[in-house]
Amino acid sequence: MERLENCAQMFQRKFLNEAFRRHCPVLLACIALGGSLLKELSPLPDSYWNNKRNVLNVYFVKFCWGWTLWLLLPFITLTNYKLTGSITKVLRRLSSLLVGTLFWYLCTNLFLYIEHITGSCYKSEALLDSIEHQDRKECRLHGGFWHGFDISGHCFLLSYCILIILEETSVIRSIQFERHWHRMAINAQFTALSILVIIWVWMFLCTAVYFHNIFQKVIGTAFGMLAWYITYRWWYLQPISPGLPPASASHSEKEPVYKN
């Protein structure tokens, strides 16, 4: 229990603090641009992390929105109820996860549509001989390689999930723990979300330096940041919206209050 509490406090001070939240959009933009330039000008040698079968990509990034959704669901429920004492307000805040799911669905399908209308089917990744197939599914079914403008879904979703988690975990600095199980449950969830952010940032960096071209990564990152900005910096400030996390807009950074 004490180790878990120390871990949560460490993550709050060192990683998910106000300074990191404030500068994270700029950091993500710099990673996308810097990593892309590195890939174009001085490519890194092959490593475990440019293998799409690496464990973090297979078991985490492939289910990026699922991990983010299912870890935020109990965290938002517990922290928002503790701060507001209102089930109605908690349900309203949980609707932000539905909004996030809608953005994920619309953007990923838009990316697939753009890849479809700009693509052609080839016999191999060398792109030498084209094959007449109507779409990506049919092309791959016949052993071909579909090549189109493939906007980076990884850059979009990883940047979007990072920014959402940072927004929602900002409430941790406003919570006073009065019961043992409250402290244990919220600290465990906050620690898990902190570790998830570290994984997402690392995989965002790997995507930037190993995959896609610069335009595909910049556009993907721009979509993720735009989705975050439209919601948390504009729509959620309006009366008819899921609203911001309670007290997140009014509290300045301070150490968490642990009350026995």
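One-based numbering along the sequence shown.
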- Task: Output, in order, the C-alpha distance, side-chain angles, deciding distance and verdict of side chain to side chain donor-acceptor pair (under 3.5 Å) for Ser86 and Arg92.
- Result: CA-CA 10 Å; Ser86 169; Arg92 179 187 176 192; over 6 Å; no
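When all heavy atoms of Thr77 and Leu73 are compared, the closest pair comes out as OG1-O, 2.7 Å. Of all the heavy atoms in Asp150 and Glu115, the pair that sits closest is OD1-OE1, 3.9 Å. Nearest heavy atoms, Ile31 versus Ala208: O-CB, 3.5 Å. The two residues Trp65 and Gly100 come nearest to each other via the heavy atoms CZ2-C, 3.5 Å. Nearest heavy-atom pair, Leu28 versus Thr221, reported as atom, atom and distance to 0.1 Å: O-CG2, 4.4 Å. Between Leu244 and Leu237 the shortest heavy-atom distance is CD1-CD2, 3.3 Å.
Using a 4.0 Å cut-off between charged nitrogen and carboxylate oxygen, Arg93 and Glu168 count as a salt-bridge pair.
Side-chain atoms of His116 do not come within 3.5 Å of backbone N or O of Leu112 as any donor-acceptor pair. A distance-only check finds no donor-acceptor pair linking the side chain of Ser95 to the backbone of Leu98 [under 3.5 Å]. Panel note: side chain Asn109, backbone Tyr105; a donor-acceptor pair is recorded below 3.5 Å.
Under the 30°/60° scheme for interplanar angles, the aromatic rings of Tyr236 and Tyr232 are found to stand perpendicular.
The ring pair (Phe, Tyr, Trp, His ring centres under 6.0 Å) analysis of residues 192-226, with sequence neighbours excluded, yields the pairs Trp49-Trp202, Phe111-Phe223.
Remark: aromatic rings of Phe60 and Trp67 are close, center separation under 6.0 Å.
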